[in-house]
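Structure record follows, encoded as structure tokens.
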Amino acid sequence: MSEQYFPAIQKFTVLDLGMVLLPVANQVEASCLIIQLVLEQTKEPSKNPFLKKKQALISEPSLLRTVQQIPGVGKVKASLLLQKFPSIQRLSNAAVPELEQVIGHAAAQQIHAFFTQARGQLSS
């Protein structure tokens with residue numbers, strides 16, 4: 001797999017396979033992991049430790065678009081966040097460690113700072 005296709009593979013594993021994170025360091029590891037997933041999925045998907053159960057699609061597209069307006073949040077991160085935090089209120093009140101479980105440290109810090117700053121502007 002080339003560098004060109006690596007981002008597409010990451011999106012595929014998150015959106016189509018339901019993984020929270022692609023735990024690999026490079027393209028070779030990603031290829032090996034995907035092969036393993038395919039082989040495991042053909043045996044019995046419910047026993048595959050890499051897959052999580054599919055969650056219902058977000059019912060409100062406008063909510064997805066709203067979350068995508070947060071700096072540093074695109075469609076993939078917005079979808080992941082809304083699976084865990086189904087409302088703006090729950091997302092805005094989430095602690096950094098809760099956010100990190102879904103999207104990683106740097107993005108969690110950025111989102112938390114965004115909501116903290118927004119609350120500060122509303123109170124002044």
Side-chain angles (χ1 to χ4, degrees):
M1 174 177 25
S2 71
E3 182 76 31
Q4 171 187 1
Y5 299 111
F6 192 58
I9 294 296
Q10 288 178 311
K11 287 180 183 178
F12 168 75
T13 57
V14 172
L15 297 177
D16 294 341
L17 296 180
M19 293 179 66
V20 176
L21 173 67
L22 185 57
V24 297
N26 56 45
Q27 296 87 342
V28 174
E29 287 183 18
S31 298
C32 292
L33 179 61
I34 290 169
I35 290 168
Q36 184 180 358
L37 287 172
V38 170
L39 293 174
E40 288 297 318
Q41 193 166 14
T42 57
K43 293 177 185 174
E44 190 168 346
S46 63
K47 293 187 177 181
N48 189 332
F50 296 107
L51 299 178
K52 65 178 183 176
K53 292 183 180 178
K54 293 273 184 183
Q55 295 186 358
L57 293 175
I58 298 161
S59 59
E60 189 63 48
S62 62
L63 184 58
L64 179 65
R65 286 191 300 273
T66 301
V67 173
Q68 285 179 266
Q69 298 305 307
I70 299 170
V73 177
K75 188 173 184 176
V76 173
K77 286 181 184 174
S79 296
L80 292 172
L81 287 166
L82 287 172
Q83 286 176 7
K84 174 85 174 178
F85 310 101
S87 71
I88 296 293
Q89 181 179 8
R90 289 191 56 196
L91 178 60
S92 69
N93 291 326
V96 173
E98 292 176 293
L99 294 166
E100 284 178 348
Q101 292 174 358
V102 180
I103 54 168
H105 179 73
Q109 293 281 7
Q110 189 173 8
I111 290 168
H112 189 266
F114 171 81
F115 282 115
T116 302
Q117 190 176 45
R119 277 192 286 273
Q121 290 175 352
L122 289 174
S123 63
S124 47

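When a residue number appears, it is its place in the shown sequence, counting from 1. As a basis for the values below, the full set of heavy atoms in this structure was taken, side chains included, without hydrogen atoms, waters or symmetry mates.
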For this session: Considering non-hydrogen atoms only, spot the tightest contact between A108 and I103 and give its length.
Result: N-CD1, 3.8 Å

For this session: Applying side chain to side chain contact (heavy atoms under 4.5 Å, CB included), run through V67 and F85 and close with a yes or a no.
Result: CA-CA 11 Å; V67 173; F85 310 101; over 6 Å; no

Sequence neighbours left out, what passes side-chain contact (heavy atoms from CB on, under 4.5 Å) with [X]? Give chain and number order.
X	value
A106	none
Q89	S87, N93
Q68	L64, R65, K75, A78
P71	Q110, F114

Exercise. Mind checking what makes side-chain hydrogen bond (donor to acceptor under 3.5 Å, both in side chains) contact with E100, not counting sequence neighbours?
Worked result: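 Result, side-chain hydrogen bond (donor to acceptor under 3.5 Å, both in side chains) vs E100: H105.
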
For this session: State, with a plain yes or no, whether a side-chain heavy atom of I111 is found less than 4.5 Å away from one of V96.
Result: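 No, their side chains stay 4.5 Å or more apart.
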
Exercise. Mind checking whether I70 and L81 have side chains closer than 4.5 Å, heavy atoms only?
Worked result: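 The answer is no, as the side chains (C-beta and beyond) never meet within the 4.5 Å cut-off.
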
Seminar exercise, completed: Taken to the nearest 0.5 Å, the spacing of I88 CD1 from T66 OG1 works out to 5.5 Å

